[in-house]
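Throughout, protein chains are lettered first and strands after them, A, B, ... in sequence-line order, and every chain is numbered starting at 1.
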Amino acid sequence: MSNYKEIEKKWQKYWEDEKVFEADNHSKKEKYYYLVEFPYPSGAGLHVGHCRSYTALDALARKKRMNGYNVLFPMGWDAFGAPAEQYAIKNHIHPSVAVKENIKTFKSQVKSLGLSIDWSREFATTDPEYYKWTQWQFLKFFEHGMAYKAKKNINWCPNCKTGLSNEDSSGGVCERCGHTVEQREKEQWMLRMSDYAEDLIKGLDDTDFIERIKTAQINWIGKSTGAEVNFKVKETKEDLVVYTTRPDTLYGVTFMVVAPEHPIIDKNKDIIKNMDSINKYKEEAKNKTEFERTQVNKDKTGVKIEGLTGINPITNKEIPIYISDYVMMNYGTGAIMAVPAHDERDYEFAKKFGIDIIPVIKGGDINKSAYTGDGEMINSGILNGLTNKKDSIEKMINYLEKEKIGNRKTNYKLQDWIFSRQRFWGEPIPLVYCDDCGWTAVKEEDLPVLLPDVANYEPTDTGESPLAAITHWVNTTCPKCGKPAKRETDTMPNWAGSSWYWLRYMDAHNDKEFASKEALNYWGKLDFYNGGMEHATRHLLYARFWNQFLYNIGLVPNKEPFKTRVSHGMILGEGGVKMSKSLGNVVNPNDMIEEYGADALRTYEMFIGDYEKEVAWSEQGLNGCKRFIDRVVRIGEKVSDKKGYTKELESIIHKTIKKVTDDFDNMKFNTAVSSLMILLNKYEEQNEITKDDYRVFLTLFNPIAPHITEELNEKYDLGDPLCKSTWPKYDEAKTIDEEKEIAVQVNGKVRATIKINVNDTEDVIKEKALQADNVINHTKDKEIIKIIVIKGKIVNIVVK
RNA sequence: GCCUGAGUGGUGGAAUUGGUAGACGCGUUGGACUCAAAAUCCAAUGAUAGCAAUAUCGUGUCGGUUCAAGUCCGACCUCAGGCACCA
């Protein structure tokens, strides 16, 4: 037997030469589309965590082909964006060169795993042939008024020198480098993603994402229902509109608060008497980072607006208005009605500023804290006596609408998507600014707008894209009127390329369209999409939004792009800590393949534990899987010329086929491997096994360990190559045991086991149970109250 | 604070969804083979007591339902993830 490395090479070449994994766009077979998130080809190379999900989906894809499906399982490279750019800057190589090199390394690493990928559909998001269509789709957003430029106070990372979306700067630190994020005002391209908030929630019903992904998305979108209420301001004509989820507490409103950025301040700066202190407060708020401002349990600060007085529309009482940074301009209306008796933040603020606290719901102790629970309404005019929050809210909203002082309103936390990056290494935004025509789309025939080939691509301190300095690129003519004009110099975020890439695999080399209608219709939804939990909100929401938009303008056949979404657990270093360079516990998959073989690595990664849970790496565990594979090889020496299954093995073979089949369907690879180990243990008890015994074992093991199983199948002349064979079938009748050992309990404690036959009647089983030695010990001198017989499972004798 | 998950031997993890807890692997111990080591093979391996048959305890904690609970119900503790001054 030649060594594993040669075997791996031999079969990888065979698969490639025979094109066995190339998917057919015109097949009569049923289609199935698997995808694992494409990687960033970073300089660090492949991680054993990649191998986990790649192997899992590969195993599923291989099995699905054996089940007769036309399977699409492609891979590509997400190569734009900050990591690739930073790598390039650090190593003083042009990003396009660095990316090419990294892809080459990554690809050879991925290939060494022996994945059944259709490489004919490979592409990188940085290929002009690909990003031409990313730009083209951006122009669709632009055409439909879905892209707009706005001055935004943006999160700015002074280290990466770029603007970041809220998504990329959670916790007040830059997602990429960990540096503290600052606030800067910048003109940015935005996509109207918030328009899709409701559809993004509703659409989840058409998916079977795992629950934690659905809830993560729903939390992120942050839907809340309530009402907008118009408060008159005594000194002005304009109402101050607030948003509240608790209109039922309207009678308890004793003050109002507006965000520091609220326009009411500037509009009324002539009436307001204390503009100095207000301006000072605004300045302070501006200098705080988004993170500082949103810190929970921070002391409440604020300034009373002297000269403006609110009027509670339902009691007509005059109430003070404050400015405070605990109210955000980018949510609701940027103004709130404060009910200190029943809202903790308002309570805190009222205590600090000595404002009245009027309870309107019975319960709690208002001297100590706000009461947010349910109870009987008091001091509340039309609501008095109601005891249920829901009913009170309904009644109040109806009243507000009738009296035209408010209306029902739903709000979402989801914001529009900041789509500009002041970076070199991204898709250029294909727009031109003309003094006469304004922002104008580059003509379709002029796409793609290529990145210029220059030496200096490092970010600038001015906050402008490095592209801005390249005048020969910036200066162009207006596509509409032909006058001199300037290109947009911002590029797209790296989420852009990954927001539609699964569509491109359907028709990867089409130079007329992003994908043909025919291909889009044939492949339809992506059936099975695997990726990290870190992408459960951002990437997945962007991609769904993008696809829903394409659907709404008639470019794709499905509103929801993904049917199933699963997430693999992380692989930690030995001892359960995260793998990191600084700890020196990073396991390189290439080293593992070198020492143990690709099949052993694959088997171990599937056997290591529950696919969705994180798990610690163990090289001894990997070695155990190598030993298992060695035993699979050795059992070949026992193969006889006999046909059919060995009689003694027949039952367990059928059971194992059933078990492995079910386990694959449920992503329970660990127990699939374990049942194969059990089957092999049984084979080893035999003096010889038949060709069919061996062949069925190798077929079941093939999706996980494709190289060695093909080799053994060929060596012992067992039949067609496994990659061209069908998945074995089992006979349900043969999975049922004639004879079985079951437990006998006395008062719920196991005291003996008995052998029963499938045909045994309940009485026979009772008889056998009562006659078991140790059962007699525990039942003699006692009164038998009842005997419970669960057929084929257990007997429980209740005695007194 | 709110929303998801999850807590099982020395260890990674099983458990037909209420029916023999600890499958399978790793590790450990003993044995075989070997001059020796590695590899391989055989046996044992939750804790306590016992030569043994066996008994008692045991799935984060405390209660409950049931003939029977790792699994269901109630309260709590811990960990991981998501959201968070979002009105």
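You'll find that the side chain of A:I678 is closest to B:A23, out of B:G81, B:A23, B:U4. The side chain of A:R627 sits closest to B:G27 out of B:A87, B:A55, B:G27.
Here A:E614 lies in heavy-atom contact (under 4.0 Å) with sugar-phosphate atoms only. Backbone-only contact: A:D610 has heavy atoms under 4.0 Å from sugar-phosphate atoms and none from a base. At a threshold of 4.0 angstrom between heavy atoms, the contacts of A:K214 with the nucleic acid are absent. Residue contacts for A:Q745: at a heavy-atom cut-off of 4.0 Å it reaches a base atom on one of the strands shown. At the heavy-atom level, A:N681 lies under 4.0 Å from the strands shown only through sugar-phosphate atoms. Using a 4.0 Å heavy-atom cutoff across all strands shown, A:G222 reaches no nucleic acid atom at all. Here A:H778 lies in heavy-atom contact (under 4.0 Å) with sugar-phosphate atoms only. Across all strands, A:K668 comes closer than 4.0 Å only to sugar-phosphate atoms, never to a base (heavy-atom distances). Among the protein residues, A:S618 comes within range of no part of the nucleic acid, since none of its heavy atoms lies under 4.0 Å from any strand.
Taking atom C1' in both B:A32 and B:A69, the straight-line distance is 45 Å, to the nearest Å.
Considering only side-chain N and O atoms, A:K223 lies nowhere under 4.0 angstrom from the phosphate OP1 or OP2 of B:C3. Applying the 4.0 Å criterion to OP1 and OP2 of B:C41, one finds that A:R634 has a side-chain N or O inside that range. A:K749 has a side-chain polar atom (N or O) that falls below the 4.0 Å cut-off from OP1 or OP2 of B:C57. For the pair A:N774 and B:A53, the criterion of a side-chain N or O lying under 4.0 Å from OP1 or OP2 is not met. One finds no side-chain N or O of A:S675 lying less than 4.0 angstrom from the OP1 or OP2 phosphate oxygen of B:C24. Residue A:Y331 places at least one side-chain N or O closer than 4.0 Å to OP1 or OP2 of B:A87.
No donor-acceptor contact under 3.5 angstrom links the side chains of A:D343 and A:Y371, judged on distance only. Remark: the A:Y331 side chain and the A:S224 side chain contain an N/O donor-acceptor pair separated by less than 3.5 Å. Judged purely by distance below 3.5 Å, without hydrogens or angles, the side chains of A:H535 and A:E37 pair a donor atom with an acceptor atom. For the residue pair A:Y596 and A:E619, a side-chain donor N or O sits within less than 3.5 Å of a side-chain acceptor on the partner.
Proximity of residues 788-800 of chain A to RNA chain B (heavy atom under 4.0 angstrom from any strand atom) is restricted to A:I788, A:I790, A:K793, A:I794, A:N796, A:V798.
With rounding to whole Å, A:N623 atom CG is found 19 Å from B:G12 atom P. One can place CD1 of A:I742 at 18 Å from P of B:U16, the figure rounded to the nearest angstrom. Following rounding to the nearest Å, A:I785 (CD1) and B:A68 (C1') show an atom-to-atom distance of 15 Å. Atom CD1 of A:I635 and atom C1' of B:U40 are 14 Å apart (whole Å). Atom pair A:Y596:OH and B:C26:C1' shows a separation of 12 Å (rounding to whole Å applied). Between A:M677 atom CE and B:G12 atom C1' the separation is 12 Å, expressed in whole Å.
Side-chain contact between A:I355 and A:P340 is absent, with no heavy atoms from C-beta onward closer than 4.5 Å.
One finds no salt bridge joining A:E741 and A:K755 here, because no Lys/Arg side-chain nitrogen approaches an Asp/Glu carboxylate oxygen to under 4.0 Å.
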Could you pull out the protein-nucleic contacts involving nucleotides 74-77 of chain B (nitrogen or oxygen on both sides, under 3.5 Å)?
none

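Atoms CZ and CG, on A:F231 and A:D239 in that order, are 10.0 Å from each other to the nearest 0.5 Å.
Paired regions of RNA chain B, where each region holds three or more successive Watson-Crick or G-U pairs whose two hydrogen-bonding distances fall under 3.5 Å, are B:1-7 with B:77-83, B:10-12 with B:24-26, B:27-32 with B:40-45, B:46-49 with B:54-57, B:60-64 with B:72-76.
Below 30°, between 30° and 60°, or above 60°: for A:Y542 and A:W417 the angle between ring planes is below 30°, a parallel geometry. Between A:F353 and A:F349, the ring-plane angle classifies as parallel under the 30° and 60° cut-offs. A:Y604 and A:W617 have perpendicular rings, their planes meeting at more than 60° on a 0 to 90° scale where under 30° would count as parallel.
Two residues, A:K786 and A:R751, neighbour RNA chain B, and the one matched to the more 5' nucleotide by heavy-atom proximity is A:R751.
The base of B:C85 sits within donor-acceptor range of the side chain of A:K300, with an N or O pair under 3.5 Å.
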